[in-house]
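Here the structure is a predicted model, which means the values were calculated and not measured. Proteins come first, then strands; the chains are lettered A, B, ... in the order of their sequence lines, and each starts at number 1.
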Amino acid sequence: MTREQSTVSKYEPAVVEPKWQQYWEENKTFKVLEDTSKPKFYCLDMFPYPSGAGLHVGHPEGYTATDILCRYKRMAGFNVLHPMGWDAFGLPAEQYAIQHGTHPSKTTQANINNFRRQIKALGFSYDWDREVDTTDPAYYKWTQWIFLQLYKKGLAYIAEVPVNWCPELGTVLANEEVIDGKSERGGFPVIRKPMKQWMLRITAYGDRLLEDLEGLDWPEGIKEMQRNWIGRSLGAEVDFRVDGHDATITVFTTRPDTLFGATYMVLAPEHALVERITTSAQLEQVAAYRESAARKSDFERTEMAKDKTGVFTGAYAVNPVNGEKIPVYIADYVLGGYGTGAIMAVPGHDVRDWAFARKFGLPIVEVISGGDVSREPHTGDGELVNSGLLNGLRVQAAKERIVAWLEERHAGKGAVNYRLRDWLFSRQRYWGEPFPLIHLENGEILLADEKDLPVRLPEVETYKPSGTGESPLATITDWVNVTLPDGRKGRRETNTMPQWAGSCWYYLRYIDARNDEAPWSKEKERYWMPVDLYVGGAEHAVLHLLYARFWHKVLYDLGWVSTKEPFQRLVNQGLILGEDGQKMSKSVGNVVNPDDVIAKYGADAMRLFEMFMGPLEATKPWSTSGVDGVRRFLDRAWRLYVNEETDACLVTDDPPSNETLRALHKCIRKVTEDLEGMRFNTAISAMMELVNFMTPRTERPRVVMEAFARLLAPFAPHAGEELWARMGHGQTLAYEPWPTWDAALVQADTVTYAVQVNGKLRGQVELPVDVTQEAAVAAARDLQNVARFLAEGELKKTVFVKGRMVNFVVAGA
RNA sequence: GCCCGGGUGGUGAAACGGUAGACACAGGGGACUUAAAAUCCCCAGCCGGUCGCCGGCAUGCGGGUUCGAGUCCCGCCCCGGGUACCA
């Protein structure tokens, strides 16, 4: 009897949590609409790829942080948009289909259902009516629509480009999917092969992608990574006439000042001029080198990095500045895809050229003083020497002078170059968005009519790659071959879009997720955009964020969005490691599943621990006993409200003592300020302090207990709601006003002053808050231990910091 | 190599240039209990002493600025992440 009674009123997450999750769902507590009477807050999580493995405890870290903030913002009077969805196209579902014959959409739906269940079990306050799924035809209809807009703007084109061909996967991979010459998934070898591919002209937006980083509230490191990726570099293009040919080699250089030091030239093996200028004596060698370079994978090229290779073409170029003839080589350390695919080599002042010159016995000329070019290249600043008109100038001035000189003679010009390349936008896969277009027999491209979207993925017999490099779609002849009503014949595009496509604009679809007429309403977009806070992993620092910013700018130019940038503020959550301090992985066997944590400790304890571990941005290891600790905190908080023996509510209408009121207001201030700064760990510490303060006391004044329940609710929403209800409230506290603090109440009557002698702590003294400097110094001097040190020398200076400390500076002590 | 982050007790971590280690975990002691669990209370950086007190040493290492530095500046070392022949 007693036993049953004592368990019945204990804090039972297994009972309380599903109850409130059901309440929120049934009452659509977190459904949100545009409301111009409130300030808006758009808080976005990077949506997950719903893998078959389900969630691990790393996923909900960011989700918990944003959820806490959203719940807080709602209580603080904001209209909060907080959506969730699925980035569900991708290779794993297709690989599974190849192995098991299950349609990827089936696997994907099952995975989504599992992810949704797991996410809901954590009590996040998403507006589920806005859920999106990139594989849903109602969604990818608009992904295709955006592609049409890109095409019409001239930003999508077909090019024959050497791509990363993976024979094993039977598909072409993007650079970012190739790691060390092996496929990211599977680790299969990758080689280069030219293929017709869809490209997106992201380079046309290079400058804007770079410039608009300025106004963003993002981590400086991420902005820097984007700048490096775009890689804008200022230099010059210089034309070198080829001796004995009617041909010109144009090079890009960032160091036109070193032009007099150019002692040879290098063309990329794939450079178009190579065939024309190679002498018959060198033909064989050059051909062999070109072939081996073409066959080399990026991995092999990188491996070769230490040792420079190349072949002389037999041709000479003329240095426009002094008429000297210099030999032209081909070498694969010069890349066809960067700059003009050709360089002037200045071995005295470039590390790579120096190494190459050494190996091939080419002359090394000093043109900038300050180093010893016979021992190592001198890449720093200095005075120009052996450089005719440039002699005596410093590097920067020499650059300006030579560019002006070249421009006058039409032998070159100032130029800007980018590391950024156009975006390879097609994949030879089944499980992606089909391109909405037909290639007609006459070579024209016929775009699908917007009203005919989406172009749905057809059913296929087999998900295996066609083997030719084309996607499995190429095998469905009755889908691929089309005859138009007017009799023209064509072939459908069999490539599909890469996984990035769907994630490039999902944050816009959330704004108006069920709109059949348009991708979103422009009016709603104006209300909600930009995203005020975007939280996700740093692994998307460059690509996803750059691609999404690119599409956003195109949509801005088309008048579809009202902001230049999509994500105003970005925060990267840190990695959560396994309990052993290693990266969580199945193979190590240290993966923690949220389902198990919730079953044992409850969702609120899990949320609390995710945040209590340390700063959001830090990498930190999981700890089961740590979860136990925050669960004890929740138990203690619960017992402040509920008599475990009788189930009675302990809260009274008595006024609180001054001391208790002060403790509360201190807590409100700390929690509020920490929430604004996203310092969730210290906010939780402050709540623990209040609970520790209240536990030994008997008073349970309503004003204090209700305020605390509201502070706790964003962190532990189920417990918050339950306690709120037990105090007699009939409705959710999700929209109750956030507590405010009174600065006067936070202030204690007395302050402990630290007393130092020469900066060393020698004592403490309790003084009234409004103590005068004289009184404080006098009291400090009177401390026995302080007086002892003062007696040892001559008092030189007294430092007084109000409310903090007194420091006596003593000479000779 | 270059670009970002980080180095603080046994552990996760706190700390407007002002009492380093809040809050937790693990640990130790006590109360309650026949006992254990749970709960509640207390202790706890390291070293030393005349041990209810006092001193010394302590925030990766070495300097500097300052009355005072985990915090600011300079030079190193180590760890994690990103990136790489980008002319």
Side-chain angles (χ1 to χ4, degrees), chain A residues 6 10 219-225 227-229 231-233 235 251-256 258 266 268 298 301-302 304-308 331-335 337-346 350-353 355-356 417-421 538-539 541-542 572 574-575 577 581 583 609 612-615 617-630 632-633 635-636 639 644 670 679 681-689 691-692 695-696 752-764 784-785 788 796-810:
Chain A
S6 67
K10 268 184 139 171
E220 201 42 52
I222 302 282
K223 287 204 228 177
E224 196 54 31
M225 284 166 76
R227 287 189 198 107
N228 290 342
W229 193 266
R232 183 179 196 271
S233 59
V251 302
F252 174 76
T253 176
T254 55
R255 296 296 303 276
T258 61
V266 185
D298 281 353
R301 278 201 176 196
T302 316
M304 298 293 182
K306 287 113 213 167
D307 192 24
K308 297 272 178 296
D332 65 3
Y333 84 92
V334 171
L335 307 174
Y338 183 77
T340 59
I343 62 159
M344 62 176 208
V346 184
D350 180 278
V351 179
R352 298 150 299 184
D353 298 344
F356 189 88
N417 206 8
Y418 295 88
R419 204 188 84 113
L420 183 71
R421 318 284 176 82
E539 65 272 23
V542 177
N572 292 123
L575 208 62
L577 304 172
K583 205 165 173 171
F609 183 66
F612 186 64
M613 293 165 77
E617 293 92 337
T619 298
K620 46 216 178 265
W622 186 260
S623 157
T624 301
S625 53
V627 191
D628 207 34
V630 293
R632 279 204 284 271
F633 159 69
D635 287 332
R636 281 153 74 83
R639 283 193 293 271
E644 291 190 322
K670 180 78 175 145
R679 294 179 297 267
N681 53 332
T682 49
I684 294 167
S685 297
M687 291 191 289
M688 287 175 167
E689 283 182 86
V691 168
N692 291 347
T695 296
T752 306
Y753 275 73
V755 184
Q756 300 177 345
V757 177
N758 290 341
K760 279 201 163 148
L761 182 72
R762 295 301 177 189
Q764 288 114 324
Q784 208 186 8
N785 199 45
R788 211 178 61 161
K796 288 284 189 194
K797 188 175 173 184
T798 304
V799 182
F800 173 78
V801 182
K802 188 156 173 56
R804 291 266 171 198
M805 48 83 66
V806 177
N807 186 17
F808 296 107
V809 184
V810 173

Checking all strands, does P219(A) fall into the base, sugar-phosphate, or nothing category for heavy-atom contacts under 4.0 angstrom? nothing
Give a yes-or-no answer on whether the side chains of N228(A) and R419(A) include a donor-acceptor pair shorter than 3.5 Å. no
N807(A) has a side chain; which of rA15(B), rA87(B), rG68(B) sits nearest to it? rG68(B)
Rounded distance (Å) that lies between atom P of rG21(B) and atom CD of E689(A): 13 Å
Atom CE of M688(A) to atom C1' of rC25(B): distance rounded to whole Å? 10 Å
On a whole-Å scale, what distance lies between the C1' atoms belonging to rA31(B) and rA36(B)? 15 Å
For rA44(B) versus rU83(B), give the span between their P atoms, rounded off to a whole number of Å. 48 Å
What is the minimum heavy-atom distance between A345(A) and D353(A), and which atoms define it? CA-OD2, 3.3 Å
In whole angstrom, give me the gap between the C1' atoms of rG17(B) and rC32(B). 48 Å
In whole angstrom, give the distance that lies between atom CD1 of I684(A) and atom P of rA13(B). 14 Å
Could you tell me whether Y418(A) contacts a base, only the sugar-phosphate backbone, or nothing, with contacts defined as non-hydrogen atoms closer than 4.0 Å? nothing
C1' spacing across the pair rC41(B) / rC47(B), given as an integer number of angstrom: 30 Å
Look up atom CG in L420(A) and atom CZ in R227(A), then write down how far apart they are to the nearest 0.5 Å. 15.0 Å
Please state whether the phosphate of rC41(B), meaning OP1 or OP2, lies under 4.0 angstrom from any side-chain nitrogen or oxygen of N692(A). no
Decide yes or no, distance alone: a donor-acceptor N/O pair under 3.5 angstrom between the base of rC85(B) and the side-chain of K308(A). yes
Hey, is the main chain of G803(A) close enough, under 3.5 Å, to the side chain of Y753(A) for a donor-acceptor pair? yes
Determine which nucleotide pairs with rG21(B), using a 3.5 Å limit on both distances of a Watson-Crick or G-U wobble pair. none
Considering only NZ, NE, NH1 and NH2 on the basic side and carboxylate oxygens on the acidic side, decide whether R639(A) and D635(A) come within less than 4.0 Å. no
When all nucleic acid strands are considered with a 4.0 Å heavy-atom cut-off, which category describes D350(A): base, sugar-phosphate, or nothing? nothing
Atom C1', compared across rG7(B) and rC51(B): separation rounded to whole Å: 35 Å
In the strands shown, is rU83(B) matched to any nucleotide by a Watson-Crick or G-U wobble pair with both distances under 3.5 Å, and which? rG1(B)
Can you tell me, in whole Å, how much space there is between the P of rU11(B) and that of rC3(B)? 32 Å
K308(A) to Y333(A), cation-pi by 6.0 Å centre distance and 45° axis angle: yes
For rG27(B), the Watson-Crick or wobble counterpart (both distances under 3.5 Å): rC43(B)
Could you measure between the two P atoms, the one in rC16(B) and the one in rU65(B), and give it in whole Å? 25 Å
Please work out if K760(A) contacts a base, only the sugar-phosphate, or nothing of the nucleic acid, heavy-atom cut-off 4.0 Å. sugar-phosphate
Using Watson-Crick or G-U wobble geometry with both distances below 3.5 Å, tell me the partner of rU8(B), or none. none
RNA chain B nearest-nucleotide lookup for G337(A) and S625(A): closer to the 5′ end is S625(A)
Point-to-point distance, once rounded to the nearest 0.5 Å, from NZ of K670(A) to CD1 of I684(A): 12.0 Å
To the nearest 0.5 angstrom, please state how far the CD atom of Q764(A) sits from the CD atom of Q756(A). 10.5 Å
So what does N417(A) hit on the nucleic acid, given a heavy-atom distance under 4.0 Å: a base, only sugar-phosphate, or nothing? nothing
Under 3.5 Å on both distances, the Watson-Crick or G-U partner of rC72(B): rG64(B)
Give the rounded distance in Å between these two atoms: CG of D628(A) and P of rG12(B). 19 Å
Is the backbone of S233(A) close enough, under 3.5 Å, to the side chain of N417(A) for a donor and an acceptor to pair up by distance? no
Across the strands shown, which category fits N785(A) at heavy-atom distances under 4.0 angstrom: base, sugar-phosphate, nothing? sugar-phosphate
Under 4.0 Å, counting only non-hydrogen atoms across every strand here, what does Q764(A) touch: a base, just sugar-phosphate, or nothing? base
Atom CZ of R679(A) and atom P of rC23(B): how far apart are they, to the nearest Å? 18 Å
Any side-chain N or O of R227(A) under 4.0 Å from OP1/OP2 of rC3(B)? no
Interatomic distance at C1', rC67(B) relative to rG6(B), whole Å: 31 Å
Is N228(A) close enough to rG82(B) that one of its side-chain N or O atoms is under 4.0 Å from OP1 or OP2 there? no
When rounded to the nearest 0.5 Å, the distance separating CZ of F612(A) from OG1 of T682(A) is 10.0 Å
Heavy atoms only, 4.0 Å cut-off, all strands: where does Q756(A) land among base, sugar-phosphate and nothing? base
Below the 4.0 Å mark, does rG5(B) have OP1 or OP2 next to a side-chain nitrogen or oxygen of K620(A)? no
Syn or anti for rC51(B), please, going by whether the chi angle lies within 90° of 0. syn
Is there a side-chain contact between K797(A) and the phosphate of rC67(B), meaning an N or O under 4.0 Å from OP1 or OP2? yes
Between R639(A) and rC40(B), is there a contact of a side-chain N or O with OP1 or OP2 at under 4.0 Å? yes
Rounded to whole Å, please give me the gap between CH2 in W229(A) and C1' in rU83(B). 8 Å
Tell me which nucleotide, if any, is Watson-Crick or G-U wobble paired with rA14(B) when both distances must be under 3.5 Å. none
So, is R762(A) near the phosphate of rC53(B), with a side-chain N or O under 4.0 Å from OP1 or OP2? no
Using a heavy-atom cut-off of under 4.0 Å over every strand shown, decide if T619(A) touches base, sugar-phosphate, or nothing. sugar-phosphate
Calculate the interatomic distance between R788(A) atom CZ and rC53(B) atom C1'; express it in whole Å. 11 Å
Which comes earlier along RNA chain B counting from the 5' end, the contact point of M613(A) or that of V755(A), where each point is its nearest nucleotide? M613(A)
Which base sits across from rA58(B) as a Watson-Crick or G-U pair, both distances under 3.5 Å? none
Are OP1 or OP2 of rC25(B) and a side-chain N or O of R632(A) less than 4.0 angstrom apart? yes
Touch class at under 4.0 angstrom, heavy-atom based, for G231(A) against every strand present: nothing
How would you label the glycosidic angle of rG9(B): syn (within 90° of 0) or anti? syn
Whole-Å distance between rA84(B) P and R421(A) CZ? 10 Å
Paired with rC51(B) by Watson-Crick or G-U wobble geometry, both distances under 3.5 Å: which nucleotide is it? none
